[in-house]
There are 2 protein chains.
Amino acid sequence: MPRTREFHPDSVLDAALDLFWRKGYKACSMADVVKKTGVARYGLYQAFKDKDQLYCCTLRRYRQKVRDFLYSSFLQPNDQPDFHTLAEHFNRILDELETGEYQGCFAHQAAIERAGKDPEVDAIVSGFFKDIEDHYRALLIRSVELKQVRDLPVEDLVAYVMGIQRALIAMSKQNCSIQERRNYVRCALELMQP
Amino acid sequence: MPRTREFHPDSVLDAALDLFWRKGYKACSMADVVKKTGVARYGLYQAFKDKDQLYCCTLRRYRQKVRDFLYSSFLQPNDQPDFHTLAEHFNRILDELETGEYQGCFAHQAAIERAGKDPEVDAIVSGFFKDIEDHYRALLIRSVELKQVRDLPVEDLVAYVMGIQRALIAMSKQNCSIQERRNYVRCALELMQP
DNA sequence: TTCGTTTCAGAACGTATATTCTGAAAACAA
DNA sequence: TTGTTTTCAGAATATACGTTCTGAAACGAA
């Protein structure tokens with residue numbers, strides 16, 4: 001009976017993610033999304049309720065994209081990632097920050113701009129970092145067994161590696177050169193080894 | 001001849017810093033500043049030109065406050081700070097994040113929300129982190145001499161310690177518990193030692 | 001006191017924003 | 001075809017924003 005929708009919600013989310021990531025939550029208006037996607041205002045509000053919900057949806061989509069990135073880093077070519085896999089993973093992130101069109105991490109940006117203002121954002125951000133921790137944990141347990149890293153409590157190692165990632169993300173927003181970033185990661189990983 | 005000004009610019013900056021820090025650049029309006037300070041709009045624009053300039057002034061003021069914090073951390077009670085001083089310094093930061101009324105670092109927030117949008121902000125942020133690096137460098141040179149830390153190039157150590165700080169700031173915005181933060185700092189500092 | 005200058009308090013202006021409303025068009029069932 | 005339902009495109013609304021303007025008030029010099 002009804003008229004069929006002329007846009008695909010996922011493509012709207014990709015466009016909105018691009019805009020929110022580039023400009024931030026406040027500085028990106030619904031008019032910006034309309035202009036970029038060509039989708040009518042009515043369609044956006046019908047599909048996503050309001051701006052806050054649209055933002056949360058883009059954040060969830062980002063989380064899924066990063067999850068895919070993690071799987072592709074840690075589960076190929078074999079299913080036994082170890083410390084070398086971690087080094088390669090950070091190199092992938094360094095390459096992405098160097099050549100990709102986005103600086104920094106959308107979830108971290110969301111945490112800073114919307115922390116404590118939208119509980120739903122808080123929850124997604126927490127889950128986002130939990131995803132990453134889980135991948136690191138599995139890898140680090142194996143690295144300890146193989147004596148590739150110092151023999152410390154696994155949770156300490158997880159927190160330490162999360163710290164490397166957090167620092168790297170921060171650096172890429174604070175005018176640190178690519179060389180500085182690579183040196184930092186190399187040094188921080190070296191200090192983990194026995 | 002003229003009528004005398006009824007407010008003190010520095011107290012306006014303190015109030016504006018509080019608001020910008022809490023809400024962010026976009027989400028804090030000039031009306032908010034007027035309401036909080038009681039100063040007339042005209043007075044604000046006369047003293048600070050416009051919102052961007054007011055923001056830059058608060059950022060410079062924040063930089064100075066942090067400089068004072070660094071001096072009080074590193075130049076007391078003696079003038080020979082070493083690795084133990086660094087550990088105490090991070091404990092001060094941890095305490096401040098735990099009991100203080102602000103979460104995170106205003107300069108880092110500025111970098112994320114306004115990076116690439118206002119060159120003046122970029123410059124102040126760069127200088128801000130350079131200040132901190134300089135303090136860490138002097139301390140780390142001495143720590144290496146005293147063999148309190150592993151014998152690595154000083155610039156690597158500086159980058160590493162800056163990384164600890166960056167990670168700590170990020171954690172305090174990402175729902176990490178106080179215990180997690182303290183564990184992380186302890187672990188990261190331990191790995192520096194021989 | 002009077003005059004000139006500056007601040008004050010708030011109105012005013014123009015623009016931008018999030019959201020809703022409106023009539024026409026499209027799709028499909030009957 | 002007709003009728004019903006939904007989307008479309010854009011106008012409309014109400015608010016918020018950054019900034020400027022206006023007249024009254026305060027201050028100090030003459």
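Hydrogens, waters and symmetry mates play no part in the numbers below; they use all other heavy atoms, side chains included. Below, read A as the first sequence line, B as the second, and so on, with proteins coming before strands; counting in each chain starts at 1.
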Treat primed atoms plus P, OP1 and OP2 as sugar-phosphate and everything else as base, then score nucleotides 16-22 of chain C 5' to 3': B for base contact with protein heavy atoms under 4.0 Å, S for sugar-phosphate contact only, - for none.
-SSBBB-
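- One can place CD of A:Gln46 at 19 Å from P of C:dA26, the figure rounded to the nearest angstrom.
- For A:Asp82, the salt bridge (charged side-chain N to carboxylate O under 4.0 Å, His left out) criterion is met by no residue, not counting sequence neighbours.
- Salt-bridge annotation for A:Arg22 and A:Asp18: present, with a side-chain N of the basic residue lying under 4.0 Å from a carboxylate O of the acidic one.
- The nearest whole Å value for the distance from the NZ atom in B:Lys35 to the P atom in D:dA16 is 10 Å.
- Using cut-offs of 30° and 60° on the angle between ring planes, the pair A:Phe106 and A:Trp21 is tilted.
- One can place CG of A:Leu44 at 13 Å from C1' of D:dT7, the figure rounded to the nearest angstrom.
- Taking the six-membered ring where the residue is Trp, the centroids of A:His135 and A:Phe69 are separated by 6.0 Å or more.
- Counting only heavy atoms from C-beta outward, the side chains of B:Arg67 and B:Arg63 approach each other to under 4.5 Å.
- When the P atom of C:dA26 is taken as reference, atom CZ of A:Phe7 falls 18 Å away, rounded to whole Å.
- Atom CD in B:Glu6 sits roughly 11 Å away from atom P in C:dT7 (whole-Å rounding).
- A donor-acceptor contact under 3.5 Å links the side chain of B:Arg3 to the base of C:dT7.
- Using a 4.0 Å cut-off between charged nitrogen and carboxylate oxygen, B:Glu98 and B:Arg181 do not count as a salt-bridge pair.
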